[in-house]
Amino acid sequence: MKILDLKLKNYRNCKDLELDLGEKKILIIGKNAQGKTNILESLYFLSALKSQRTVNNLELINFGEKRVEIKANIEKNTHIELDFAYDIDKKREIKVNRLKTKPKEFKSVLKTVLFSTQDLLLLRGTPQDRRDWLDVAISQIYPAYDDRLSKYNKIRIQKNNFLKDYNQNDVLFEVYNEQMIILGSNIIYLRKKFLKEIEKIAQKKHSTISGEENLTFLYDCNFLMDKEVEIVEISERFKQKLEERKKDEIQRGQSLVGPHRDDVVFYINGQDGTKFASQGQQRTIVLSLKLAELDIITQKTGDSPVLLLDDVLAELDDVRQNYLLKTINENTQTIITSVDTLLFDKCFLQEVKILNIENGKEIKNKLSNG
C-alpha cells in the first residue's frame, strides 16, 4: 500500500497544497507550526475519518473559509482515489473513485499507523487515552468494530440521560442495560482478543530493544479476571455487575459499568509500567506497540499500512531511533516529519524524498540540513 499524492484545500494552514508522495520513504522538513503535523493528520484522517487532535471537524477548516477538502490517490493492487470534504454547515462528502460511499467502505481503503510525540505519553495519560489507542488499532483490522463502538456509546449516552431524570421506569432501565450488554460484551471480547495477539509481537520487539525485560498486557475490566473468556461468560458477568451497581448508577446519574470504564495496563517484569517504569522504559513500550501494530495489520489484512512518524525521532535516543528506522519493512511506506535532517545518517537520506514545508506550502530546491 502506498499513498501516491495528496491535495489539501483549506486544511488548517494548508490552503492549497499538492504533494507528490509516490516514494517509499518521505521526509517532510520544516520549522514548528509550518504545517508538517497537519499533513500527517490529514493522511491519518483519510484512514480513520477522524483526527487524533480534535473531535470537531470544523477546526480542520482554515480560518475564514467555508469548506475543507482532502484528496489522495492510493496504490493498493490498483489505483484508488479518496475524496473528503466538510463545510461550515457540517455537511460531509466522502467518495471512493469519485462515487459517494459509506464510511465503512471509505475507511477500508487506507490503513495507517501514526506514531507521534503525543503517543509517547500513552502510559502516563488517562485510561481514555489508552482506550482510544486500542479502539483505533482494532478498527483497522475489524471494520465492524467501529460501528459497534459507536452504537454502544449512543446507548450509553441515552442511558445517562435517562438516569439523570430517573422516574423508576425499570422496564426502560432493563432495555438500556440489555443493549449495552450485547454491544459491550462484543467490544470487550474483541479488545481482549486483539491485546492477546499484539502482545506476542510486542514482546519480541520490546525484548530486542531492552534486553531481558518482559512486557505483558492486562485488560483491566472491573468484572472480569484476566483470563480467556467467551462472549457468553462476559455477558453474564456484565449483567451481574450492572445489577450490583444499579443503585449507584441511579444515585450518580451515569453508567458505571462497561467497556467505557476499562483500561489497559502494561507490565515490565511484572511491575506496572505506568507507576514504576522510567521514561526510557515507557518509550520502549510505546515503540514496541507501534511496530507491533504495523505487523499485525499487515498479517490480518495482507497489506502493509503506511507508517506516519510525526516529529517522534527527536524524542527517542540513538538506540531506539536506529531500531525504529532499521526494522521498518521495505514494503512499508514511511512518511516522517522533522525540523531538519540532522537526526538522519547520509545513507538513510540517500534513500528518501525530502519535502520542505513553510506556511502550509511546499518550498522546492531548498537545503534541508537545518
Side-chain angles (χ1 to χ4, degrees), residues 47-50 55 102-108 111 113 126-163 171-202 216-246 248-249 254-266 289 292-293 296-297 299-302 305:
S47 68
L49 277 180
K50 59 184 176 182
V55 295
K102 296 179 180 179
K104 182 179 177 180
E105 280 69 35
F106 188 93
K107 291 187 290 186
S108 69
K111 305 295 182 185
V113 171
T126 66
Q128 182 65 57
D129 294 328
R130 291 182 284 276
R131 288 194 299 269
D132 287 345
W133 160 75
L134 183 57
D135 292 336
V136 169
I138 296 173
S139 295
Q140 300 231 50
I141 298 173
Y142 304 106
Y145 178 83
D146 203 35
D147 182 57
R148 292 168 187 168
L149 189 64
S150 177
K151 288 179 179 178
Y152 174 84
N153 285 326
K154 287 179 181 178
I155 296 297
R156 177 177 58 83
I157 292 171
Q158 290 174 4
K159 179 182 172 182
N160 285 348
N161 291 333
F162 164 77
L163 288 170
V171 174
L172 187 55
F173 202 130
E174 292 304 316
V175 169
Y176 284 132
N177 280 351
E178 187 62 32
Q179 291 176 320
M180 288 184 68
I181 290 169
I182 293 171
L183 293 166
S185 297
N186 191 278
I187 290 168
I188 292 171
Y189 176 79
L190 285 174
R191 282 179 176 178
K192 289 175 66 67
K193 180 176 184 291
F194 176 82
L195 281 175
K196 182 181 178 181
E197 293 173 338
I198 199 173
E199 180 185 49
K200 295 178 181 178
I201 303 172
T216 54
F217 303 163
L218 168 69
Y219 184 73
D220 188 8
C221 174
N222 65 4
F223 58 86
L224 285 178
M225 299 295 289
D226 186 38
K227 66 175 185 177
E228 292 185 44
V229 287
E230 297 300 322
I231 292 181
V232 173
E233 186 174 353
I234 295 174
S235 299
E236 291 173 351
R237 296 189 184 185
F238 197 164
K239 182 177 181 179
Q240 181 181 354
K241 196 66 176 181
L242 282 170
E243 291 172 351
E244 292 175 4
R245 300 298 303 275
K246 181 177 179 178
D248 294 335
E249 289 190 331
Q254 60 179 308
S255 303
L256 301 176
V257 182
H260 64 287
R261 309 282 293 192
D262 296 345
D263 198 357
V264 182
V265 185
F266 303 96
L289 281 177
E293 266 188 72
I296 197 168
I297 292 174
Q299 291 175 14
K300 295 291 186 179
T301 67

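The chain is numbered in sequence order, starting from 1. When reading the values below, keep in mind they use all heavy atoms of this one structure, side chains included, and skip hydrogens, waters and symmetry mates. For clarity, every value in this text was computed on a predicted model and none was experimentally measured.
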TODO: Provide the closest heavy-atom pair for Pro259 versus Ile187 in the form atom of the first, atom of the second, distance.
DONE: CB-CG2, 3.9 Å
TODO: Assess whether atom NZ of Lys246 is packed by more than 12 heavy atoms of other residues, nucleotides or ligands within 6.0 Å.
DONE: yes
Side chain of [X], backbone of [Y]: donor and acceptor closer than 3.5 Å?
X: Arg131; Y: Asp262; answer: yes
X: Glu199; Y: Phe217; answer: yes
X: Lys111; Y: Gln140; answer: yes
X: Asn177; Y: Lys239; answer: no

- [ ] Determine, for Lys241 against Glu244, whether the closest basic-nitrogen to carboxylate-oxygen distance falls under 4.0 angstrom.
- [x] yes
Task: Charged N-O contact under 4.0 Å between Lys104 and Asp147 - done: no
Open item on the list: If you define the side chain from C-beta out and look only at heavy atoms, does anything of Tyr176 sit under 4.5 Å from Gln158?
Closed with: yes
- [ ] Would you mind reporting whether Ser185 and Tyr152 have side-chain heavy atoms less than 4.5 Å apart?
- [x] no
TODO: Identify, with sequence neighbours excluded, every residue that meets side-chain hydrogen bond (donor to acceptor under 3.5 Å, both in side chains) alongside Asp135.
DONE: Tyr145, Arg191
Open item on the list: For Lys159, run the salt bridge (charged side-chain N to carboxylate O under 4.0 Å, His left out) check against Glu249, Glu178, Glu174 and tell me which one passes.
Closed with: Glu249
- [ ] Please work out which of the three classes, parallel, tilted or perpendicular, describes the rings of Phe238 and Phe223, given edges at 30° and 60°.
- [x] parallel
TODO: Return the orientation label for the Phe162 and Phe173 ring planes: parallel under 30°, perpendicular over 60°, tilted otherwise.
DONE: perpendicular
